[in-house]
*Asks:* 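The structure is given below, and queries will be raised subsequently.
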There are 2 protein chains.
Amino acid sequence: MELPNAFFLFARAEVEYDGRASSTLALGNYGILRKPDGSIQIHGANLIRPLNYMGKASISWDGDVILARSKKEVIRIRVDCVHHLIPLEEWSETKIRLIRTEAELRDKIVVDPESYLGIDPSQFEAVPEFVIDGEPVDIVFFPRGDGECLRVVEVKRTQVTKNTCYQLRKYMDALSKHYKERYGYLGYVAAPKITKSGRKCAEEHGYAYVPVDF
Amino acid sequence: MELPNAFFLFARAEVEYDGRASSTLALGNYGILRKPDGSIQIHGANLIRPLNYMGKASISWDGDVILARSKKEVIRIRVDCVHHLIPLEEWSETKIRLIRTEAELRDKIVVDPESYLGIDPSQFEAVPEFVIDGEPVDIVFFPRGDGECLRVVEVKRTQVTKNTCYQLRKYMDALSKHYKERYGYLGYVAAPKITKSGRKCAEEHGYAYVPVDF
DNA sequence: CTCTTTATCTCGTCT
DNA sequence: AGACGAGGTAAAGAG
């Protein structure tokens with residue numbers, strides 16, 4: 001049978017997936033969404049995430065079986081009964097515009113380190129997204145003169161957790177390995193909030209918590 | 001207007017979101033999926049992920065505006081033109097059954113540490129999901145007698161990365177802080193694959209990489 | 001291409 | 001309710 005380019009299908013079906021993992025889905029009523037980009041997703045009665053999904057798949061409908069295939073994955077949908085099948089045309093590819101991102105918080109600290117870190121801006125060069133060891137550090141403040149420590153800042157959009165501190169530690173490891181005794185080092189974790197264990201971990205590591213908000 | 005409990009709506013609409021972030025979505029054709037659990041998601045022509053979404057929202061349709069609200073979030077959908085509106089009934093809540101998980105790999109090592117770690121099983125007590133500091137370590141092998149090191153294993157389903165090594169380090173920190181000099185400590189990172197930087201990081205930390213496969 | 005990080009992560013699980 | 005980690009994470013961004 002011929003399938004539209006994009007469609008929403010509500011059907012009684014059972015589903016098998018094999019690829020990065022394997023899964024089976026018992027016979028039941030599911031919503032199946034096929035998009036113009038070739039992606040397909042199978043939804044159950046709850047949760048945002050689909051039960052099964054595949055990006056950029058080629059699909060065929062042969063008898064009562066819809067087969068979606070990509071290089072290393074396959075979804076096999078045995079359709080028992082079609083409740084609804086509607087083709088979707090002229091679907092918009094509009095991109096969403098987001099505000100209030102981590103970058104926004106980061107930039108606040110970059111432009112006003114005096115308020116947030118209590119350091120003299122003229123004494124430091126602020127480098128956002130400084131790449132060390134192939135990984136970008138949120139902000140590194142390089143001292144222009146002697147007698148000042150290098151400052152390393154890790155920013156989170158919502159909250160500082162224990163993991164945030166370990167992430168900062170990873171960066172500080174890399175920086176001190178690279179620059180050795182050329183600098184002293186000070187670490188900061190910044191976010192609107194900090195968890196209890198995050199605070200404890202920051203204290204143990206000697207990192208300062210910097211509250212920053214939108 | 002009255003909305004069905006669960007539905008799929010294809011409509012020309014524009015969408016605003018405000019909550020954990022903010023976003024706007026220009027007028028266009030979108031697919032809107034409302035599930036029996038109260039979740040709602042708005043899909044564009046591509047990608048698996050919805051453009052906007054909300055779990056457990058109460059919704060109302062007033063004039064041309066669908067309003068979805070939860071505690072701290074709101075989605076406002078101005079509907080310009082309804083292309084399709086289909087109610088979805090008797091939707092199945094079936095759960096998916098997954099195989100080939102991290103736990104599977106972990107158990108392989110637990111039952112046969114001789115093959116994977118080269119240690120004598122009779123000399124150790126293997127504790128999967130050993131909780132230290134409130135966090136479960138994949139496997140800890142406690143030596144039964146003296147003269148053997150404690151073995152700590154971090155397992156990944158796909159590949160060992162640099163982060164895997166730092167995760168292991170976090171656990172080993174916690175274990176050595178807890179047990180002090182009672183043991184020596186050896187770390188292992190296990191997965192079907194390891195990235196280049198993961199291998200480098202493991203070597204620098206003195207962790208052994210353990211290939212393990214399904 | 002590969003590798004790494006982000007995310008309105010989502011979702012389960014445990015305190 | 002908050003915290004924490006896994007995920008078939010997906011998707012974006014950098015090199």
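Side-chain atoms are counted along with the backbone in the values below, which use heavy atoms only and exclude waters and symmetry mates. The chains referred to below are lettered A, B, ... by the order of the sequence lines, with proteins before strands, and numbering in each begins at 1.
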*Asks:* Mind checking side-chain hydrogen bond (donor to acceptor under 3.5 Å, both in side chains) for B:Ser197 and listing every partner two or more places apart, or none if nothing turns up?
*Replies:* none

*Asks:* Starting from P on C:dT5, measure out to OH on B:Tyr166 and report it in whole angstrom.
*Replies:* 11 Å

*Asks:* Could you work out, with side-chain hydrogen bond (donor to acceptor under 3.5 Å, both in side chains) as the rule, every residue matching B:Arg34, not counting sequence neighbours?
*Replies:* none

*Asks:* Name each donor-acceptor pair under 3.5 Å that joins a side chain in residues 67-75 of chain A to protein atoms two or more places apart or in another chain, with its distance.
*Replies:*
from, atom 1, to, atom 2, distance (Å)
A:Glu73, OE2, A:Tyr17, OH, 2.6
A:Glu73, OE2, A:Arg20, NE, 3.3

*Asks:* Among residues 192-214 of chain B, which contact DNA chain D at a heavy-atom distance under 4.0 Å?
*Replies:* none

*Asks:* Tell me every residue that passes ring-ring contact (aromatic ring centres under 6.0 Å, His included) with B:Phe142, counting only those two or more places apart in sequence or in another chain.
*Replies:* B:Phe130, B:Tyr179

*Asks:* Taking only side-chain N and O atoms of B:Lys156, does any of them lie within less than 4.0 angstrom of OP1 or OP2 on D:dA6?
*Replies:* yes

*Asks:* Rounded to whole Å, how long is the line connecting atom CD of B:Gln167 with atom P of C:dT5?
*Replies:* 13 Å

*Asks:* In residues 101-112 of chain B, what residues come within less than 4.0 Å of DNA chain C, judged by heavy atoms?
*Replies:* none

*Asks:* P atom, C:dT8 versus C:dT4: distance in rounded Å?
*Replies:* 23 Å

*Asks:* Evaluate the side-chain contact (heavy atoms from CB on, under 4.5 Å) criterion for residues A:Ile32 and A:Val15: first the C-alpha distance (whole Å), next the side-chain angles of each, then the deciding distance (0.1 Å), finally the verdict.
*Replies:* CA-CA 11 Å; A:Ile32 299 162; A:Val15 183; 5.8 Å; no

*Asks:* Got a sec, which residues hit side chain to side chain contact (heavy atoms under 4.5 Å, CB included) with A:Glu90, two or more places apart in sequence or on another chain?
*Replies:* B:Asn29

*Asks:* Can you sort out the partners of A:Arg97 under side-chain hydrogen bond (donor to acceptor under 3.5 Å, both in side chains), two or more places apart, ordered by chain and number?
*Replies:* B:Thr24

*Asks:* Taking side-chain hydrogen bond (donor to acceptor under 3.5 Å, both in side chains) as the definition, give me every residue that meets it alongside A:Glu16, ordered by chain and number, with sequence neighbours left out.
*Replies:* none

*Asks:* Restricting to salt bridge (Lys or Arg N to Asp or Glu O under 4.0 Å), what partner residues turn up for A:Lys108, sequence neighbours left out?
*Replies:* none

*Asks:* Can you list the residues that meet the ring-ring contact (aromatic ring centres under 6.0 Å, His included) rule with B:Tyr166, with sequence neighbours excluded?
*Replies:* B:His205

*Asks:* In B/S/- notation, 5' to 3', how is nucleotides 8-15 of chain C contacted by protein heavy atoms closer than 4.0 Å?
*Replies:* BSSSS---

